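Below is one structure; the comments refer to it alone.
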Amino acid sequence: MVDSVLSFHGRWKSPRVMKHRLVQNQGSKSRGCAQSVNYLEAVDLFVRLHREGLELNSFVFTSILKLLVSVESGEFCRSVHACLYKLGHRSNAFVGTSIIDAYSACGLVDDAREAFDEIIWKDMVSWTGMVTCYAENGVFKEALELFSDMRMGGFWPNNFTLASVFKASLGLEAINLGRSVHGCALKMRYELDPYVGAALLDLYTKLGDMEDAKLVFEEIPKCDVIPWSFMIARYSQHQRSKEAVELFCRMRQSLVLPNHFTFASVLQACGTMADLDLGKQIHCNVLKVGLDSNVFVSNALIDVYSKCGKMENSVDLFEESTNRNEVTWNTLIVGHAQLGHEEKALKLFLQMREDNVQGTEVTYSSVLCACAGLAALKLGTEIHSLTIKTRFDKAITVGNALIDIYAKCGSIKDARVVFEMMSNRDVVSWNTMISGYSMHGLSSEALRIFEYLQKTMIKADKLTFLGVLSACSNTGLLDKGQAYFTSMVHDYCINPCIEHYTCMVALLGRSGHLDRAVRLIEEMPFEPSIMIWRALLTTCIIHNNVELGKMAALHVLELEPHDEATYALLANMYAAARRWDDVASVRNSMKKKGIKKEPGLSWIESQGTVHYFVVGDASHPDIRLIYGMLEWLNMKTKKAGYVPNYEVLLQDVEDDEKPRRLWVHSERLALAFGLIRTPFGSPIRILKNLRICLDCHAAIKCISTVVQREIVIRDVNRFHHFQNGTCSCGDYW
DNA sequence: CGGCAACTAA
């Protein structure tokens with residue numbers, strides 16, 4: 001390529017001027033447009049020098065090579081290298097090291113090594129240059145081997161060498177090697193060098209523990225912002241937000257000015273803690289120093305507000321923002337999705353595409369997550385094809401989100417297909433698959449996946465066991481559940497958290513060991529949560545233990561006096577025990593406290609739109625057809641032997657009104673709509689915001705035989721697959 | 001002749 005440029009004839013300039021210009025250009029190391037203009041001009045001058053047959057000395061070469069570092073053009077590097085070879089400059093350590101550096105920037109490690117081997121009199125800098133080249137390009141093993149060769153050759157490392165060696169040790173996760181080189185750095189008094197210090201902090205914060213890093217941090221000079229930012233960032237990333245904020249305060253006391261790096265990191269800590277007041281204070285600081293226009297800082301601010309549930313503030317900041325990137329969009333999408341504003345998240349995604357902003361794997365995984373929340377299978381499938389088109393389906397996080405959406409939309413088989421197709425899986429992939437099977441009540445599949453997982457190099461974590469235990473609890477596998485719980489503690493050294501205990505309480509309770517469930521709650525090292533009392537209450541309903549159930553309900557209401565779900569469960573329990581006076585008193589105290597039972601809401605997707613139905617809904621445009629279908633189903637199921645269970649009504653209703661009350665439950669409306677609107681033979685998928693009621697469960701089992709269709713209902717807890725008169729939950733939910 | 005830190009997701 002240089003040769004083709006060499007053919008250019010231009011006005012002659014004195015070599016001194018040319019050299020001066022070359023050196024000037026390399027002064028600005030900024031990348032981008034201006035840089036490439038400078039570089040073209042410089043190449044032009046270089047080429048003319050060559051053309052005119054003027055002396056190309058080592059200074060000219062080092063200058064042009066310095067430029068090539070920022071241009072990252074492998075072709076040019078090779079051309080200049082060839083030129084050097086011809087002129088015999090390759091033996092010069094200065095020129096040789098420059099070319100190593102230029103090759104290193106393009107990732108051409110082998111070419112760099114060739115240039116390194118050509119240097120006859122290697123000095124410490126050329127050794128260091130090559131070690132750095134390996135370390136920067138991720139060839140860590142070679143970096144360390146070359147470092148050892150260098151030492152054998154009698155060369156002492158300097159601060160540059162040490163920083164690269166620490167980087168390579170980090171890359172190989174060789175903490176002990178890092179520690180011994182740290183000793184070497186101490187001996188040579190290089191530990192005070194800012195770059196060595198940063199490399200050490202990087203090493204210890206990632207491989208050792210934060211305490212080692214802290215020791216290093218306390219030793220090194222702290223008048224510069226970088227070590228502070230470094231530690232604050234790491235504390236934030238390690239979820240040690242409090243320490244991050246403390247360090248930020250200490251930094252301010254030391255009169256070191258925070259920059260955009262520092263603010264972005266400390267704001268991340270605010271977000272993790274969801275500390276709105278602190279976030280606002282730091283927001284003021286940001287405004288004061290005028291860093292609010294920095295993308296990283298403004299993204300972090302948007303995230304803080306969204307994590308504190310203040311989406312309005314996030315949206316305002318987003319709309320005011322002058323600098324946006326794809327992360328800005330993602331932050332807002334993720335914020336909406338996490339707060340359950342799925343539609344807003346999806347709308348924003350469409351807007352993002354209209355604005356021609358390219359999505360990333362974060363975009364796709366969070367948008368898929370929003371679809372999973374809505375169980376919008378059709379839309380999810382469309383986005384799935386979009387990820388195939390953009391190749392983001394290869395990203396692990398997107399694959400995980402795809403497993404999740406198919407599982408949560410009721411297509412557990414498709415979830416498995418995605419899982420099998422993934423070329424790389426992480427622990428989240430396995431966890432998602434296990435909890436997917438568990439949600440569907442397919443505990444044997446869930447446990448089989450867990451067995452496979454144990455044969456891989458991936459380590460099971462807390463969430464894996466949560467999936468395994470909930471699989472056991474969903475199907476009442478008492479012995480297995482207990483064995484896994486013990487194994488988790490003993491073989492995997494995982495301390496059970498309250499969610500694990502909740503699974504165990506549900507499992508023990510369901511299996512009829514209510515006394516052991518209570519004992520477990522008493523013995524566990526946590527304050528009982530609402531969830532665990534609710535789990536106990538649910539099992540009390542199954543086993544008709546009214547007194548214990550009442551106790552559990554009181555505990556929930558102590559923690560959360562307005563918990564409507566608990567009132568509903570309590571009423572159900574009294575109804576199951578036929579204690580109608582108590583049902584009435586529960587309803588009275590709800591009335592007194594102004595608590596309304598959350599109305600049952602079911603929804604179903606048809607041709608890309610979601611249709612919602614509440615109890616007794618009459619607002620749907622197809623309502624006449626729907627009621628006609630319900631009428632027909634009522635007749636057919638009665639003939640097939642379905643007997644309505646009026647106890648679930650929990651209210652004093654006139655007898656002739658009772659059947660109608662049951663048939664307008666939201667899931668039946670959605671089901672009737674589904675039967676009208678979906679092709680014969682296809683499965684019908686319905687979602688519900690509450691637990692499916694006992695009578696609907698019985699009716700739908702019967703309907704699945706009458707209409708010969710597979711009916712899938714997802715309620716708050718799990719999936720029910722109805723087919724040929726049975727349900728996958730085995731009537732145990 | 002050379003190297004450090006930041007925002008989103010699971």
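Being a predicted model, the structure only gives us computed values, none of them experimental. Proteins get letters first, then strands, A, B, ... in listed order; numbering begins at 1 in each.
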[X] [atom1] to [N] [atom2]: how many Å, rounded?
X: A:Lys167; N: B:dG3; atom1: NZ; atom2: P; answer: 10 Å
X: A:Met311; N: B:dT8; atom1: CE; atom2: C1'; answer: 12 Å
X: A:Leu332; N: B:dC7; atom1: CG; atom2: C1'; answer: 13 Å
X: A:Asn137; N: B:dG3; atom1: CG; atom2: P; answer: 13 Å
X: A:Asn294; N: B:dC7; atom1: CG; atom2: C1'; answer: 9 Å
X: A:Gln239; N: B:dA9; atom1: CD; atom2: P; answer: 10 Å
X: A:Trp127; N: B:dG2; atom1: CH2; atom2: P; answer: 20 Å
X: A:His260; N: B:dC4; atom1: NE2; atom2: C1'; answer: 13 Å

Give the nucleotide from the list [options] with an atom nearest to the side chain of [X].
X: A:Phe94; options: B:dC1, B:dA5, B:dG3; value: B:dC1
X: A:Ala233; options: B:dG2, B:dT8, B:dA6; value: B:dA6
X: A:Val196; options: B:dG3, B:dA6, B:dC1; value: B:dG3
X: A:Lys66; options: B:dG2, B:dA9, B:dC7; value: B:dG2
X: A:Gln338; options: B:dC4, B:dC7, B:dA9; value: B:dA9
X: A:Val125; options: B:dC7, B:dT8, B:dC1; value: B:dC1
X: A:Lys307; options: B:dA6, B:dG2, B:dA9; value: B:dA9
X: A:Ala163; options: B:dC1, B:dG3, B:dC7; value: B:dG3
X: A:Asn158; options: B:dT8, B:dG2, B:dC4; value: B:dG2
X: A:Phe261; options: B:dA9, B:dA5, B:dG2; value: B:dA5

Check: In terms of heavy-atom contacts, does NZ of A:Lys222 have more than 12 from other residues, nucleotides or ligands at under 6.0 Å?
Finding: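 Counting neighbours around NZ of A:Lys222, more than 12 heavy atoms of other residues, nucleotides or ligands fall under 6.0 Å, so yes.
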Check: Would one find more than 12 heavy atoms of other residues, nucleotides or ligands at under 6.0 Å from atom NZ of A:Lys214?
Finding: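 For A:Lys214, atom NZ is not crowded (no more than 12 foreign heavy atoms under 6.0 Å).
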So what does [X] touch, heavy atoms closer than 4.0 Å: a base, only the sugar-phosphate, or nothing?
X: A:Thr331; value: sugar-phosphate
X: A:Ser265; value: sugar-phosphate
X: A:Asp426; value: nothing
X: A:Val327; value: base
X: A:Asp461; value: nothing
X: A:Asn400; value: nothing
X: A:Phe296; value: base
X: A:Asp123; value: base

Check: Within the stacking criterion (centroid distance below 5.5 Å, interplanar angle below 30°), does A:Phe160 stack on B:dG2?
Finding: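 By the stated criterion, A:Phe160 and B:dG2 stack.
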Note to self: Using 30° and 60° as the class boundaries, would you call the ring planes of A:Phe217 and A:Trp228 parallel, tilted or perpendicular?
What the structure shows: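 Ring orientation of A:Phe217 relative to A:Trp228: perpendicular.
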Do the ring centers of [X] and [Y] come within less than 6.0 Å of each other?
X: A:Trp329; Y: A:Phe349; result: no
X: A:Phe61; Y: A:Phe94; result: no
X: A:Trp127; Y: A:Phe147; result: no

Check: How long is the span from the CG atom in A:Leu144 to the OG atom in A:Ser164, to the nearest 0.5 Å?
Finding: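 Reported to 0.5 Å precision, the distance equals 10.5 Å.
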Does any N or O donor sit under 3.5 Å from an N or O acceptor when you compare the side chain of [X] with the base of [N]?
X: A:Asn259; N: B:dA5; result: yes
X: A:Ser98; N: B:dC1; result: no
X: A:Thr132; N: B:dG3; result: no

Notebook entry, point to check: So, is A:Gln268 close to the B:dT8 phosphate, meaning a side-chain N or O under 4.0 Å from OP1 or OP2?
Noted result: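 For B:dT8, OP1 or OP2 has a side-chain N or O of A:Gln268 closer than 4.0 Å.
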